[in-house]
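This report concerns only the one structure given below.
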Amino acid sequence: MKKLALICAIVFCALQQSYASHLMGGEITWKCQGNGDFVFRLTVYRDCNGIPFGPPVALDVLDNPALTQINMNLISQTDISPLSACITCTNTMGYSGAVEEFIFESNVVHLTGTPPASGWKFIWYSCCRNAAIDNLQNGGSLGFTVRAIMYDVQNLPVTSVCNSSPQFDEKAVTAMGNNVPIHYVPLAHDDEMDSLSFQFAQPYDSYAGSWPPASCPYGPNYSVNSPLPGTAQNPLNQPVTLDPLTGDMNFLSVTSGDFVAVVKVSEYRCGELISEVFREIQLAIMNQLPIDSVSIFNTAPSVIPPFVDALGNPSYSDTVFAGDYVNANITFDEFDTLELSQKFKVMAYGNEFGAGFTDSSSGCLIPPCVTANPPLPLDSQMTFASTVLSWQTTTDHLGLNYPCAYLPNTYTFLFSLRDDYCIVHAFEYQRVNITVMPVTPKPGVVNTGAYLESPLMANRSYQWYKNRWPVIGATANTFSPTSNGSYQLRVIDATGEGNYSEPVYINYTGVSEEEYKQKITIGPNPNKGRFNISNIRTLQNITVTITDMDGRIVYLKQHQHHNGELPLWLNLKNGVYTLCVTAENYLQTERLVINGH
């Protein structure tokens, strides 16, 4: 009996050790099919040095009494090793950068009811992590939980409002070289053109019956917001930064190793949080030797700026008017002084590209679609490559049919480039932005004291908004507010051309707007981007929104807890912005000026 127990113990330990070596990350997303029907997707990343992985797999559903589990079907199993010219899942050579991607999808799942304030949680968990992790304490003994959260939209049941979660376009990059600057983009987009924000999040241990699971403890000098090597590990390291608006990660590490990072993508509609998805990935920062054996390291391909701004400077952004035809030549280059024979690959992502990059009438969010000639991906055998983007813009691209008062009229096209250098490819991402502006000026609105009024014009449609949400039935050129808030008017002509008015603030508290504003102070203003919002001790569940002069949201964040002050550290270009602070029965707008960059 003792011998049998010993054998069982040895087998158990061996299984635990091998099982612990296979998980590197994952994410959960969903797509709405309408009428409460959804299709869920689970992506799991496996270290090819570990044991095999596969079905059966199911998602657990928390806080939804009508549904507790969703069975998932394996639809693809792919070697996504970024070292494919050198290392693959079948020939890992012991490197942790060899990775296999598993994608599971559910059948159509019918949901009913309204998510609670804490949301419906969709999770998948496993017992163990990879033992090679450097930034977690005892990583091999920790579990693993992937999660996503669905919140309500305007407190409506899911059968009456259709919302898909943010989707990840680019497959996770799991291996990168040390000693060179890294620009990594876990690209996400939203099919409904809702606003997205990005931040680091806590990795979780295995779910054990109560939410949230135990947090995975970070090792010394690592944390949720500093998951990669910094100056504490080596003074030559440049700590990671995460852009809250784009999700771009930038860092330089001379320290090699394996590091877990979780990026949370929060989806907002008209300032309200409606979903959160989390991508967890184990990044392998690998030692690479200088290509000259001294100090020159392999560098990534790049995108040459295709536009010129108003000052004549090269730019990756352009502004056109609805109806303009866009013809943009995008050129890529790969030039390493000592590696002239390198090949490189170019791929592009964006929800306005047509099917196969060749169809201008279908495959994109709002036709006409953008096409590319030659179509992508490009496999270049030379140091240069190029493609031409063509796009016939229309008034549909203004986004005037978005659910709330906001022009989602900036379209982003992300180009992903990587070379074939061994043992680890160099890669780069570059956004090309095109903003479609209305020809029609913003409509004027007059507050008569009794009602709001805009000039009545023939062949125009009118829609009033309160705090960016449409007011049902308010479709005349006049409107009589009955409660405090920020009111706007959308006017559209028979051709589909239109615009939104500037906000008009209404306050029925008996306190003047200037006195009301004095409860909150924002300063110093102007400055380089570090503001402080103070005198807010009595306000809870504050939402801070910042828009640029074109009405685009450039910052959006909810604050449930504060100590009477909120610091704002903004990484924005010099210019004038509008800041809006909202809470229950409270709204204040202020002009922000950023200069001195």
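Side chains included, hydrogens not; waters and symmetry mates left out as well; all remaining heavy atoms used.
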Under a 4.5 Å cut-off applied to non-hydrogen side-chain atoms, are [X] and [Y] in contact?
X    : Y    : answer
M176 : L283 : yes
N163 : M150 : no
H110 : T159 : yes
V263 : M249 : yes
W124 : V57  : yes

F415 ring centre to R431 NZ or CZ under 6.0 Å, with the angle to the axis within 45°? no
F53 ring centre to R46 NZ or CZ under 6.0 Å, with the angle to the axis within 45°? no
Shortest non-hydrogen contact between M286 and A175, atoms and distance: SD-CB, 3.8 Å
Any Lys/Arg nitrogen of D194 or R269 sitting under 4.0 Å from an Asp/Glu carboxylate oxygen of the other? yes
Between the side chains of K343 and D419, is the shortest nitrogen-to-carboxylate-oxygen separation below 4.0 Å, so that they form an ion pair? no
Any ring-ring contact (aromatic ring centres under 6.0 Å, His included) pairs touching residues 350-370, not counting sequence neighbours?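 Pairs touching residues 350-370 that pass the test: F353-F357, F353-F413.
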What I want to check is whether the side chains of [X] and [Y] have a donor and an acceptor closer together than 3.5 Å.
X    : Y    : value
D169 : H189 : yes
Q77  : E101 : no
Q69  : D60  : yes
Q238 : N250 : no
D191 : N351 : no
Q430 : H183 : no

Over 60° means perpendicular and under 30° means parallel, so tell me whether F40 and F38 are parallel, tilted or perpendicular. tilted
Can Y45 and E27 be said to form a side chain to side chain donor-acceptor pair (under 3.5 Å), step by step? CA-CA 9 Å; Y45 305 106; E27 69 249 11; 3.2 Å; yes
